[in-house]
Amino acid sequence: MAESPLPSPTPHPDPLPSRERGYGDHESSEDPLHVLRHSTAHLLAAAVMELYPDAKYGIGPPVQDGFYYDFAFSKPISESDLGAIESRMRRIAQEDRPFVKEVMSRHQALDEFRKRGQDYKVELINDKVEGDEVTVYRTGDFLDLCRGPHVRSTKELKAFKLLRVAGAYWRGDEKQPQLTRIYGTSWPSAKELEEHLKFLEEAEKRDHKKLGKDLKLFMVDERVGPGLPLWLPAGATIRRELERFIVDEELARGYVHVRTPDVARLDLYRQSGHAKLYAEYMYPPIRFEDGEELELRPVNCPHHIVIYQSELRSYRELPLRIAEIGNNWRYERSGTLIGLNRVRMFALNDAHIFCTPDQLMDEVKSSIDLALYFSRVLGIDEFSYRLSTRDDAKEKWLGTEEQWQVAEAALSEALESMGQKYERGVGEAAFYGPKIDFQVRDAHRREFTNSTVQVDFQLPERFDLEFVAEDGSRQRPVMVHRGAAGSMERLFSYLIERYVGAFPTWLHPVQVVVIPITDAERDYAKRVVERLRKAHLRVEIDDRSERMQRKIRDAQARKVPYMAIVGGREAESEHVNVRDRAGGQTDEALEAFVERVAEEVAERRR
RNA sequence: GCCCACGUAGCUCAGGCGGUAGAGCAUUUCCUUGGUAAGGAAAAGGUCCCCGGUUCGAAUCCGGGCGUGGGCUCCA
């Protein structure tokens with residue numbers, strides 16, 4: 001298979017630590033924007049402490065586009081309280097209070113924070129601060145454990161806004177008390193603040209949930225259930241095109257495609273390890289009176305393994321690439337569901353490559369190459385790589401240290417040899433092995449994994465996989481799990497936002513709307529429709545008794561790529577007057593138009 | 001699952017400090033046949049998310065659910 005030239009992904013603008021960190025973990029950044037936002041967080045805490053003297057404060061770092069601060073309030077607060085807090089912040093900002101750095105002894109600092117009843121700060125000093133010196137910052141009466149740096153004075157904080165409140169567990173731990181997090185945004189100037197608020201508004205309009213409803217792409221209904229979207233005809237059309245494209249490309253690259261059931265006996269997942277290590281996401285098994293236990297599959301791998309084992313495999317057959325767009329059922333916690341990005345059943349563009357250890361590197365590389373090819377054709381031009389590795393929690397992972405190292409080396413080497421840059425995600429691995437994740441962002445700049453490539457030595461062992469080697473001996477294959485285009489749901493969600501509903505012609509649910517100007521052109525319009533259909537294009541006729549302007553407006557709202565407008569002149573000359581969704585207008589012979597659109601579709605131009 | 005907000009017609013949203021609701025768009029019918037982003041008229045459309053409580057009376061107040069959105073934890 002051809003290794004196409006690899007484009008480097010465009011890095012995300014201003015990448016920030018993806019995970020919130022406690023004092024001591026988070027970098028004390030010199031970045032002026034971070035300093036500004038961090039200082040605004042202190043300002044927020046100062047205002048909160050004036051208004052709610054018995055509140056306890058946790059941590060307050062800068063984050064993407066802004067900052068937050070966590071508090072424990074004696075009485076819960078809500079978004080309606082933010083106005084008052086913000087006014088108090090402005091007042092303090094006006095007062096021109098300096099940010100004063102002080103270094104205290106450990107003992108002195110503990111004493112200070114104890115005196116103020118700030119238990120969380122005391123805990124942080126005890127757990128996180130090493131040595132005997134503790135750096136604190138004072139802003140008027142407000143005292144915070146902090147490395148800084150900060151702006152000189154509160155007066156430099158001019159363009160900020162509190163956005164929302166949310167619950168957040170202390171130190172990111174579900175077992176710890178939940179604090180009230182206040183999010184805000186802060187910028188050097190009012191103009192930038194304005195622009196950012198504008199961006200948030202725009203993001204709202206691009207949101208796939210909104211467009212999905214407006215363009216009738218998909219829906220959710222509580223009678224069906226949360227996290228279980230229904231693909232409407234328009235959305236299903238796009239999905240069908242995507243699936244055809246994906247499957248055809250995989251077949252061309254030496255994959256075989258299979259179809260396997262959405263359920264299997266629970267024992268299969270006992271053997272794979274999912275029943276134990278993945279239990280929290282699995283639906284309760286369906287139990288029958290005769291003792292049968294069927295499980296909705298959370299992953300496809302065991303089914304594909306069964307197919308692998310349906311014959312004695314020779315080294316000559318390897319690599320064997322078994323692919324399927326298979327449904328995966330995962331009972332995600334209700335609070336985590338997000339539109340199409342996080343659902344309870346999704347269809348994964350999945351494949352399992354069974355190969356010899358020698359073939360591993362090539363298979364990893366070609367998996368990456370395939371993901372890049374899909375990205376290029378589909379227009380996924382903003383993503384970053386994450387090499388997801390295990391952490392030290394022994395009970396979470398299968399296999400030996402050494403196997404993990406080999407697998408990880410294969411992945412990082414593959415990336416490096418392809419000249420790709422990546423970040424590390426410690427603790428983000430699958431339980432059976434490390435993976436390369438392709439991270440994309442949604443309209444609100446939230447990061448999601450779409451494509452993924454994983455190396456696995458565990459499942460081959462658990463299922464005792466083998467192949468017959470050249471010398472006749474039985475050997476163990478390695479597995480590569482890969483989702484090249486990711487899940488259909490996430491992919492779709494990404495594409496909706498990427499194109500703001502104006503999908504490339506090959507994907508668009510309706511490629512051409514034929515608009516007769518008066519009833520006199522109806523017959524000709526119908527012939528135009530037939531001609532376009534014959535070229536396998538998706539066509540509609542708009543012969544409502546409405547004015548042409550109205551029909552154009554409606555087609556435009558649906559972001560239909562082409563409007564073929566036919567009046568007397570066109571009917572006379574076998575022409576169509578074509579208006580595209582960008583507003584361009586041309587007059588052309590019907591045949592020329594058919595040919596040109598068919599070609600655009602065939603080439604999957606965007 | 002936890003925190004905050006929200007849930008009124010198919011959609012977007014008004015209204016309502018307790019006396020059973022309204023607009024625009026969409027839908028249906030009629031009129032209109034108009035050359036590049038909304039022609040006109042009429043009609044129809046609502047257990048005001050659900051269940052309980054308070055009350056002479058609840059869409060409105062209270063309690064409990066469910067769902068959606070944004071966070072947290074977690075992840076394709």
Side-chain angles (χ1 to χ4, degrees), chain A residues 19-20 63 68 70 73 76-82 163-183 204 207 209-210 213-214 216 219-223 225-227 278 280-281 298-300 328 330 332-343 345-350 388 427-428 430 435 437-438 440 444 446-452 454 481 483 485-491 493 515-522 543-557 563 565-570 577-581 583-585:
Chain A
R19 211 142 290 284
E20 125 207 6
V63 291
Y68 66 77
D70 288 345
F73 290 99
I77 68 152
S78 77
E79 259 153 54
S80 53
D81 300 306
L82 293 184
L163 296 174
R164 65 179 66 89
V165 310
Y169 300 107
W170 170 235
R171 297 174 82 168
D173 183 347
E174 226 177 340
K175 289 176 190 77
Q176 300 266 16
Q178 190 166 48
L179 306 180
T180 302
R181 174 168 299 179
I182 299 178
Y183 278 94
E204 220 57 59
D207 191 299
K209 298 184 288 296
K210 179 178 165 41
K213 191 184 269 184
D214 289 352
K216 301 184 185 177
M219 62 178 286
V220 281
D221 187 288
E222 57 182 289
R223 287 169 297 180
Y278 210 71
E280 58 176 316
Y281 295 106
V299 291
N300 305 311
N328 288 179
R330 300 185 187 174
E332 301 288 349
R333 298 211 262 176
S334 61
T336 66
L337 304 171
I338 306 175
L340 289 179
N341 276 330
R342 191 120 184 147
V343 294
M345 190 213 77
F346 58 90
L348 192 62
N349 164 221
D350 206 2
S388 299
E428 308 277 350
K435 51 182 184 157
D437 291 323
F438 291 60
V440 297
H444 305 277
R446 287 178 295 204
E447 202 173 89
F448 293 95
T449 302
N450 204 31
S451 316
T452 169
Q454 313 175 356
H481 305 239
S487 75
M488 300 313 293
E489 285 73 9
R490 267 194 196 168
L491 175 62
S493 147
I515 300 178
I517 294 176
T518 75
D519 286 351
E521 292 86 38
R522 228 181 184 153
D543 57 0
R544 290 176 300 170
S545 118
E546 291 288 350
R547 298 173 58 206
M548 176 201 59
Q549 280 86 336
R550 175 51 182 274
K551 298 176 185 180
I552 289 172
R553 187 189 145 83
D554 289 347
Q556 204 73 57
M563 286 152 255
I565 294 160
V566 295
R569 296 201 292 273
E570 287 76 18
N577 192 290
V578 180
R579 179 188 161 113
D580 64 42
R581 61 189 162 195
Q585 221 181 300

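In this text, all values refer to a predicted model and were calculated from it rather than measured experimentally. Lettering follows sequence order; numbering is per chain, from 1.
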Pairing string, 5' to 3', for RNA chain B - Watson-Crick or wobble contacts under 3.5 Å, brackets [ ] where pairs cross, | to another strand: (((((((..((((.....[..)))).(((((.......))))).....(((((..]....))))))))))))....
So, is [X] close to the [N] phosphate, meaning a side-chain N or O under 4.0 Å from OP1 or OP2?
X: Tyr183(A); N: rC72(B); value: yes
X: Arg446(A); N: rG71(B); value: yes
X: Arg579(A); N: rA37(B); value: yes
X: Lys209(A); N: rG67(B); value: no

Aro-ring/base stack Phe346(A)-rA76(B), d under 5.5 Å, angle under 30°: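 Ring-base stacking flag set for Phe346(A) and rA76(B).
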Donor-acceptor under 3.5 Å (Lys551(A) side chain, Asp543(A) main chain):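 No.
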Salt-bridge contact Asp437(A)-Lys435(A) (side-chain N to carboxylate O under 4.0 Å):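 Yes, charged N to carboxylate O under 4.0 Å.
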Salt bridge flag under 4.0 Å for residues Arg330(A) and Glu489(A):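 Answer for the salt bridge query: no.
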Taking any heavy-atom pair under 4.0 Å as a contact, classify [X]: base, sugar-phosphate, or nothing.
X: Lys216(A); value: nothing
X: Glu521(A); value: nothing
X: Gly567(A); value: base
X: Arg342(A); value: base
X: Ile565(A); value: base
X: Arg544(A); value: nothing

Could you go through nucleotides 31-33 of chain B and list every protein N or O atom that sits under 3.5 Å from one of its N or O atoms, giving the distance for each pair?
residue, atom, partner, partner atom, Å
rU32(B), N3, Ser545(A), OG, 2.9
rU32(B), O4, Ser545(A), OG, 2.5
rU33(B), O2, Asp519(A), N, 2.9
rU33(B), N3, Asp519(A), OD1, 3.2
rU33(B), N3, Asp519(A), OD2, 2.8
rU33(B), O4, Asp519(A), OD2, 2.8

Regarding [N], can its base be found pairing with the side chain of [X] as donor and acceptor, where the two atoms are less than 3.5 Å apart?
X: Asp173(A); N: rU73(B); value: no
X: Arg550(A); N: rA38(B); value: no
X: Arg333(A); N: rC72(B); value: no

Separation of atom CD in Glu570(A) from atom P in rU36(B), rounded to whole Å: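 Taking atom P of rU36(B) as the reference, CD of Glu570(A) is at 12 Å.
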Distance, rounded to the nearest Å, where Leu163(A) contributes CG and rG71(B) contributes P: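 Leu163(A) atom CG is separated from rG71(B) atom P by 11 Å.
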Between the protein and nucleotides 3-14 of chain B, list every N/O to N/O distance that falls short of 3.5 Å.
residue, atom, partner, partner atom, Å
rC3(B), O4', Gln178(A), OE1, 2.7
rC3(B), O2, Gly167(A), N, 3.1
rU12(B), OP1, Lys213(A), NZ, 3.2

